[in-house]
Colleague: 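Sharing a structure with you now.
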Amino acid sequence: MKNKEVVELLREIAEYLTIKGESRFKISAYERAAHTIENLSEPIEEIDAAGKLTSLPGVGKSIAEKIHEYLTTGRITYLEELKREIPREVFELMEVPGIGPKLAMRLYTELGVRSIDELEEAARQGRIRKMKRMGVKAEQKILRGIEIYKMDAGRVPLFTIRPLVLEMVSYLKEKTGIEKISPAGSFRRWREDVGDVDILVATDTEGDRVIELFSTADWVHEVLWKGDTKCSIVTPSGVQVDLRVVKTESWGAALQYFTGSKAHNIRLREIAISKGLKLNEYGLFREDTGKKIAGEREEDIYEALGLQYVPPELREDMGEIDAALRWDLPDLITQQDIKGDIHMHTTYSDGAGSIRDMAMKAKGMGYEWIVITDHAIGLGVVGGIDLGEWRRQLEEAKRVEKEVGIRIFVGIEANIMSDGSVMISHPDMDFVVGSIHSGLDGSRQKIMERYRKAIFSGLIDSIGHPTGRLLGGVRPPMDMDMDELLSMAKEKDIFMEINSYPNRLDLNGPNVFKAKNMGIKLYIGTDSHAPMQMENMVYGVHTARRGWAEKGDILNTLSADEIEALVGELKRKRASVSVSY
DNA sequence: GCCGTTTTCGGCCCGACTGTTTTCAGTCG
């Protein structure tokens, strides 16, 4: 499947066209086509082979030809011409905030600047102020931009910034008494990583005070700028946080606008135009009279456009607009639907809490049941349990179950070994999660062979953290074929895990979406190694929501009795597999 | 470059800010 490669090439063309100063409509045409292909579930090769490329939204004759050329020859002549025309170094200059395609190209050609370091040197030497339509202020702005660029932490995983952002919101609410304060942007959409964070405040009179409070608090490493309605700061960890103050009459429109995504918003504004309306961050207006018809509440914006309200997690222009127009959005799973947690560790392996500690925490969270899955032997460093230890754990769990008053199922997290064998599985176990913990850098073929052997052995009930990735640049996903893995899971009727350890989120939203559409059942596992970590369920729930999951798609919503019945079935299935222990 | 139950040509999402300028282009979100 070459969809990803095609998407990247189309985006690259768009970037080059931007620098060339081509019509912005031509540029967005390439971006739109890339977006369409990015969200395609079938291989682009098949669509091309069927001669159906131009039936894709945003793909016309010209782009279809370029895609076809790439798929048949491995290159796009048009892109190669662009590369010859425009030096690659210009892209680096555009990394600096305040420098766009035009200025980057001028700096390159007029001053011969080839890197950000050379740019800084040119600015310090006062060479920039001598350019046409540039001055001392513009030069200083570039130096400031370079400073911000150097401070920028880039995109960071959501979990690294979420606690601080929640603290900011509750601090401002508490100090000002203002209710309408909310994060927006990709943070509110629960993207797994965020660039900068937007916090929105609605107040008609206290804007100055809010900005003063925000810009002088402990979380400020540096104030980037401060005005009447906007303030930007950088946290000690290098994340930029923007605070925006809006009027209460525009709260809903602003929240909608700043939550994005950009593609989602563009679609909404197109719908507005088709109805003789205009949508911006202040409200929804009639084009003819300028009369405002919505703005104070976000829900009203969608309704006035004839759309069902779209939850933030779905606003990625991945089909949610069409579904909302049909009033046919999924009834997304919520935290309140969760009745239990599958996949957690105790002191029997590498967890920090006893069975009782974990049970008490689950009880406190209002759960009916938990499934404990300690590591099995075969995982060198962690010191997993063998069958004898597992039986002792089962005995203890039965005692704790009565004492705490919550159903405790005892499964195991079995290792899928380098040869694809499963270590260990037994018909008495309530649930067997199969996970790869070693050889994650193996070839795609090798990884898929391991998965295939493990799944078709009939010894495992689910796949844990399927890609093995760790967010924040710690570990990339394994080289694997997710579509093939899901097909195998479907064929053998096993479950897929949404691991909600915050640095995993594995499966992620798009893969949850795929699995759901294939009819594969999913569960959320916190993979907790301490009682507190069970609260990470919220990350799993929102990841599931980003994958359009409903209550019926997720095992955690079953009652204790329903889980017991399911576990009984799984045990019978495993017992029918002949294997020697 | 794409697209069309008003269109095969003339549109295409919206607004704020900034710096260097007398009317706007470039950049950003």
Side-chain angles (χ1 to χ4, degrees), chain A residues 10 13-14 16-36 53-67 78 93-107 128-142 144-145 148-149 152 184-187 194-200 224-230 232 240-246 250 253-254 256-285 287 295 301 305 317 321:
Chain A
L10 292 177
I13 291 176
Y16 277 108
L17 293 179
T18 308
I19 292 178
K20 264 190 89 174
E22 281 280 358
S23 138
R24 62 197 167 98
F25 302 113
K26 187 169 172 179
I27 296 161
S28 62
Y30 278 94
E31 283 167 350
R32 170 136 191 262
H35 185 75
T36 297
L53 283 177
T54 51
S55 69
L56 297 171
V59 178
K61 188 164 166 281
S62 172
I63 293 182
E65 275 171 8
K66 292 178 178 78
I67 295 173
Y78 182 59
L93 301 180
M94 283 170 63
E95 303 269 308
V96 177
I99 297 185
K102 289 285 185 300
L103 184 53
M105 200 62 199
R106 283 189 65 198
L107 290 164
I128 288 172
R129 69 181 72 171
K130 296 198 181 101
M131 293 167 72
K132 263 212 182 72
R133 290 187 62 91
M134 297 292 279
V136 178
K137 275 192 172 175
E139 192 171 81
Q140 282 165 351
K141 194 181 156 196
I142 285 177
R144 185 82 186 106
I148 294 171
Y149 163 81
D152 184 13
S186 50
F187 185 97
V194 298
D196 56 8
V197 177
D198 290 304
I199 298 177
L200 220 55
L224 293 179
W225 72 83
K226 190 153 85 165
D228 293 340
T229 61
K230 190 183 165 188
S232 289
Q240 186 178 328
V241 182
D242 298 346
L243 186 86
R244 293 166 190 278
V245 177
V246 301
S250 298
Q256 196 291 313
Y257 176 81
F258 285 110
T259 296
S261 64
K262 194 177 172 196
H264 177 88
N265 286 357
I266 289 174
R267 292 290 309 278
L268 283 196
R269 284 175 227 141
E270 283 169 356
I271 290 171
I273 290 169
S274 74
K275 292 179 183 294
L277 304 169
K278 186 174 71 167
L279 177 63
N280 58 31
E281 61 262 54
Y282 303 107
L284 184 63
F285 304 86
E287 186 65 62
I301 307 267
L305 288 171
D317 190 23
I321 303 267

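In what follows, chains carry the letters A, B, and so on, assigned in the order in which the sequence lines appear, proteins first and then strands, with residues in each chain numbered from 1.
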Colleague: Residues two or more places apart in sequence or in another chain: which of them pass side-chain hydrogen bond (donor to acceptor under 3.5 Å, both in side chains) with A:Glu31?
Modeller: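 Here no residue qualifies.
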Colleague: Determine the sole option in A:Asp198, A:Thr229, A:Ile199 for which the side-chain contact (heavy atoms from CB on, under 4.5 Å) test with A:Arg244 is passed.
Modeller: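 Single pass found, and it is A:Asp198.
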Colleague: When you compare B:dT8 with B:dC2, how far apart are their C1' atoms, in angstrom units rounded to a whole number?
Modeller: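 12 Å, rounded to whole Å.
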Colleague: Taking only the P atom of each, what is the distance from B:dT6 to B:dG1 in whole angstrom?
Modeller: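 Approximately 28 Å lies between the P atom of B:dT6 and that of B:dG1.
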Colleague: Using the test side-chain hydrogen bond (donor to acceptor under 3.5 Å, both in side chains), find all partners of A:Arg144 that sit at least two apart in sequence or belong to another chain.
Modeller: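 For A:Arg144 the side-chain hydrogen bond (donor to acceptor under 3.5 Å, both in side chains) partners, ignoring immediate neighbours, are A:Glu147, A:Glu222.
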Colleague: Any strand is fair game: report the nucleotide pairing with B:dT8 by Watson-Crick or G-U wobble, both distances under 3.5 Å, or none.
Modeller: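 Base-paired to nothing in any strand shown.
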Colleague: Could I get a table of every N or O pair under 3.5 Å where one atom is in the protein and the other is in nucleotides 16-19 of chain B?
Modeller:
unit_1: B:dA16; atom_1: OP1; unit_2: A:Tyr282; atom_2: OH; d: 3.4

Colleague: Taking side-chain contact (heavy atoms from CB on, under 4.5 Å) as the test, write out the residues that go with A:Ser62, two or more places apart.
Modeller: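 Once residues adjacent in sequence are excluded, the partners of A:Ser62 under the side-chain contact (heavy atoms from CB on, under 4.5 Å) criterion are A:Tyr30, A:Lys66.
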Colleague: Give A:Arg129 one of three labels, base, sugar-phosphate or nothing, depending on what nucleic acid heavy atoms sit under 4.0 Å from its own.
Modeller: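 A:Arg129: no heavy atom of the nucleic acid under 4.0 Å.
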Colleague: Of A:Val96 and A:Lys61, whose closest DNA chain B nucleotide lies nearer the 5' terminus?
Modeller: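 Final value for this comparison: A:Lys61.
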Colleague: Using atom C1' in both nucleotides, what's the gap between B:dT18 and B:dC12 to the nearest angstrom?
Modeller: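 Nearest-Å result for B:dT18 against B:dC12 at atom C1': 27 Å.
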Colleague: Check the distance between B:dG26's C1' and A:Leu107's CG and give it to me in whole angstrom.
Modeller: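 One finds 13 Å between C1' of B:dG26 and CG of A:Leu107, rounded.
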Colleague: Which of these nucleotides, B:dC2, B:dG15, B:dT27, is closest to any side-chain atom of A:Asn280?
Modeller: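 Nearest to the side chain of A:Asn280 among the choices is B:dG15.
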Colleague: Considering only B:dG1, B:dT27, B:dG29, which nucleotide approaches the side chain of A:Tyr257 most closely?
Modeller: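 It is B:dG29.
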Colleague: Using a 6.0 Å cut-off, check whether atom NZ of A:Lys226 has over 12 heavy atoms from anything other than its own residue.
Modeller: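 Yes, because the 6.0 Å sphere around NZ of A:Lys226 holds more than 12 heavy atoms from other groups.
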Colleague: More 5' along DNA chain B: A:Ile99 or A:Arg24, using each one's nearest nucleotide?
Modeller: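 Checking each residue's closest nucleotide, the 5'-ward one belongs to A:Arg24.
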Colleague: Say you pick atom C1' in B:dG19 and the same atom in B:dT23; how far apart are they, in whole Å?
Modeller: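 To the nearest whole Å, 13 Å.
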Colleague: Could you pull out all residues at least two apart from A:Ala263 that satisfy side-chain contact (heavy atoms from CB on, under 4.5 Å)?
Modeller: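 side-chain contact (heavy atoms from CB on, under 4.5 Å) list for A:Ala263, sorted by chain: A:His35, A:Ser261, A:Asp317.
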Colleague: If we take the P atom in both B:dT21 and B:dT27, what is their distance in whole Å?
Modeller: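 One P to the other, the span is 16 Å.
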Colleague: What nucleic acid atoms does A:Leu279 come within less than 4.0 Å of, heavy atoms only: base, sugar-phosphate, or nothing?
Modeller: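 The residue A:Leu279 makes sugar-phosphate contact but no base contact.
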Colleague: Please list, chain by chain and in numerical order, all residues satisfying side-chain hydrogen bond (donor to acceptor under 3.5 Å, both in side chains) with A:Glu281, sequence neighbours excluded.
Modeller: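 With sequence neighbours excluded, A:Glu281 shows a side-chain hydrogen bond (donor to acceptor under 3.5 Å, both in side chains) to no residue whatsoever.
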Colleague: Classify A:Ile273 by what it touches in the nucleic acid, base, sugar-phosphate, or nothing, heavy-atom distance under 4.0 Å.
Modeller: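 Sugar-phosphate, backbone atoms only, no base.
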Colleague: Nearest to the side chain of A:Arg244 - B:dG29, B:dC3, B:dT27?
Modeller: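 That would be B:dG29.
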Colleague: Return the nearest nucleotide to the side chain of A:Asp198; candidates are B:dG29, B:dC2, B:dG15.
Modeller: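 When the side chain of A:Asp198 is considered, B:dG29 is the closest of B:dG29, B:dC2, B:dG15.
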Colleague: Roughly how many Å apart are B:dA25 and B:dT20, using the C1' atom of each and rounding to a whole number?
Modeller: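 Going atom to atom, C1' in each nucleotide, I get 10 Å.
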Colleague: What nucleic acid atoms does A:Lys262 come within less than 4.0 Å of, heavy atoms only: base, sugar-phosphate, or nothing?
Modeller: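 The residue A:Lys262 makes base contact.
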